[in-house]
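The structure follows.
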Protein chains: 2
Amino acid sequence: MKYVEKLRKSGLRPTKQRLQICEVLFDREETFHFTINQLEQKIKNQINGKISLATVYNTVHAFEKKGYLKQIPINSNQTYFDTNVTDHHHFYDLKDEKLIDLDDSDVGPIKILKKVNGKKIKSVEVLVKLED
Amino acid sequence: MKYVEKLRKSGLRPTKQRLQICEVLFDREETFHFTINQLEQKIKNQINGKISLATVYNTVHAFEKKGYLKQIPINSNQTYFDTNVTDHHHFYDLKDEKLIDLDDSDVGPIKILKKVNGKKIKSVEVLVKLED
DNA sequence: ACACTTCTTTAGAATAATTATAAACTACAT
DNA sequence: ATGTAGTTTATAATTATTCTAAAGAAGTGT
Ligand SMILES: [Mn+2]
Ligand SMILES: [Mn+2]
Ligand SMILES: [Zn+2]
Ligand SMILES: [Zn+2]
């Protein structure tokens, strides 16, 4: 199991549930953008044996805290997470409610000229909304 | 009442509640970024007589539909609205959970080079997260 | 293997933002 | 003034998320 080490290094015990969730989340080529409910569905379809919803929440938050997932700010009733934890930009398809990654090369460099007193910039992300 | 006409033109009856909410929302120089609960507080402080929470929700949604308010995508348990309905960028102060408008001149021009099949770009907005 | 501790999972309850309901009220047209 | 459609309101319902506490599993030392 390739995720056992990863979890141990983060101080997370490699439980069966976490390893299964790792497979669903990270055994894929493309970035995965998802809500908790979508993840729960994917888990149901790919795994035999169920994982409780509380554990899905717990795990996603644990992974987020460890930097394996990040939240994406979208106006939705459900929170979106992203397996691409780098600073990056998105298309958001308003009709399909789907996120699509944008490469830095798909977006020109962004210069923020304004400063705020004692604050520093943590991230700069662009959200491009798409309609038909 | 300067908002009576505005509401009538939009097909919204100029009720006492809506006019009061208009005052709270639009009688100010600066952009107002708020959650429903923050708005409810401001209403309580500025008006005598109460407006029910349901009406605050109804009104905000009606104003949003008519284009007088817009939602701002932020990772928060509460939805943020903005009296500045133009396409514009934000600082988001993670500690204070406050939004600050960025002028277009505060951000260099943004070119989106990628295209998506049958979709067109509706908006391009930058969110700059600030930390201490 | 065994005992012991700590972390994790889980079902279910609790919380909290938002939306729905339906009755009373109000703006507006005739 | 009357009628109608739109609005407000208290309250209930819904729903995403978090909390709780008991049972289970993982790690550590012997
Ligand atoms: Mn949100
Ligand atoms: Mn919510
Ligand atoms: Zn992404
Ligand atoms: Zn703004």
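In this text, all values refer to a predicted model and were calculated from it rather than measured experimentally. The chains referred to below are lettered A, B, ... by the order of the sequence lines, with proteins before strands, and numbering in each begins at 1. Just the heavy atoms: all of them, side chains too, but no hydrogens, waters or symmetry mates, feed the values below.
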Subject >> Rounded interatomic separation in angstrom, taking NZ from K65(B) and C1' from dT7(D) >> reply: 14 Å
Original post:
Looking only at side-chain N and O atoms, does S52(B) come under 4.0 Å of OP1 or OP2 in dT8(D)?
Top reply: no
**OP:** Output yes when E40(A) and K50(A) qualify as a salt bridge under the 4.0 Å nitrogen-oxygen rule, no when they do not.
**Re:** no
Original post:
Under 4.0 Å: is that the gap between some side-chain N or O of Y57(A) and OP1 or OP2 of dT17(D)?
Top reply: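 Affirmative; the distance criterion is met.
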**OP:** Please check the phosphate of dT7(D) (OP1 and OP2 only) for any side-chain N or O of T55(B) closer than 4.0 Å.
**Re:**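 For dT7(D), neither OP1 nor OP2 has a side-chain N or O of T55(B) closer than 4.0 Å.
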Original post:
To the nearest angstrom, how far is N77(A) atom CG from dT14(D) atom C1'?
Top reply: 11 Å
Original post:
Nearest of dT8(C), dT10(C), dT18(D) to any side-chain atom of R18(A)?
Top reply: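 That would be dT8(C).
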Original post:
Between dT7(D) atom C1' and K66(B) atom NZ, what is the distance in whole Å?
Top reply: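 The distance from NZ of K66(B) to C1' of dT7(D) comes to 14 Å, rounded to the nearest Å.
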Original post:
Considering heavy-atom distances to DNA chain D, does H61(A) or K16(B) have its closest nucleotide positioned more toward the 5' end?
Top reply: K16(B)
**OP:** Kindly give the heavy-atom pair with the smallest separation between V126(A) and I110(A), and that separation in Å.
**Re:**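 Closest approach of V126(A) to I110(A): CG2-CD1, 3.1 Å.
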Original post:
Taking NZ, NE, NH1 and NH2 as the nitrogens, is one of them in R18(B) or E23(B) under 4.0 Å from a carboxylate oxygen of the other?
Top reply: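 Between E23(B) and R18(B) there is no salt bridge, as every charged N stays at least 4.0 Å from the carboxylate O atoms.
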Subject >> Toward the 5' end of DNA chain C, by each residue's nearest nucleotide, N58(B) or L53(B) >> reply: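 The 5'-side residue here is L53(B).
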**OP:** Rounded to the nearest angstrom, tell me the gap between atom CG in L12(B) and atom C1' in dT26(C).
**Re:**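 For the pair L12(B) CG and dT26(C) C1', the rounded distance is 15 Å.
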Original post:
Can you check the I21(A) CD1 to dT9(C) P distance for me, whole Å?
Top reply: 7 Å
Original post:
Using a cut-off of less than 4.0 Å, is there contact between a side-chain N or O of Q17(A) and OP1 or OP2 of dT10(C)?
Top reply: yes
Original post:
Between dG12(C), dT8(D), dT18(C), which one does the side chain of T79(B) approach most closely?
Top reply: dT18(C)
**OP:** Please state how far atom CD in Q78(B) lies from atom P in dA17(C), giving the value in whole angstrom units.
**Re:**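 Distance check: Q78(B) CD to dA17(C) P gives 5 Å.
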Original post:
Whole Å only: how far is the CD atom of E40(B) from the P atom of dA17(C)?
Top reply: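 Taking CD of E40(B) and P of dA17(C), I get 11 Å after rounding.
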**OP:** Using heavy atoms to find the nearest nucleotide of DNA chain C for Y80(B) and I51(A) separately, return the residue whose nucleotide is more 5′.
**Re:** I51(A)
Original post:
Are any of the side-chain nitrogens in K122(B) or D93(A) under 4.0 Å away from the carboxylate oxygens of its partner?
Top reply: no
Original post:
Between D132(A) and K120(B), is there a salt bridge with N-O shorter than 4.0 Å?
Top reply: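 Answer for the salt bridge query: no.
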Original post:
Is T35(B) touching bases, backbone alone, or none of the nucleic acid, heavy atoms closer than 4.0 Å?
Top reply: nothing
Original post:
In whole angstrom, what separates N37(B)'s CG from dT19(C)'s C1'?
Top reply: 15 Å
Original post:
Which part of the nucleic acid does T15(A) contact within heavy-atom distance under 4.0 Å: base, sugar-phosphate only, or nothing?
Top reply: sugar-phosphate
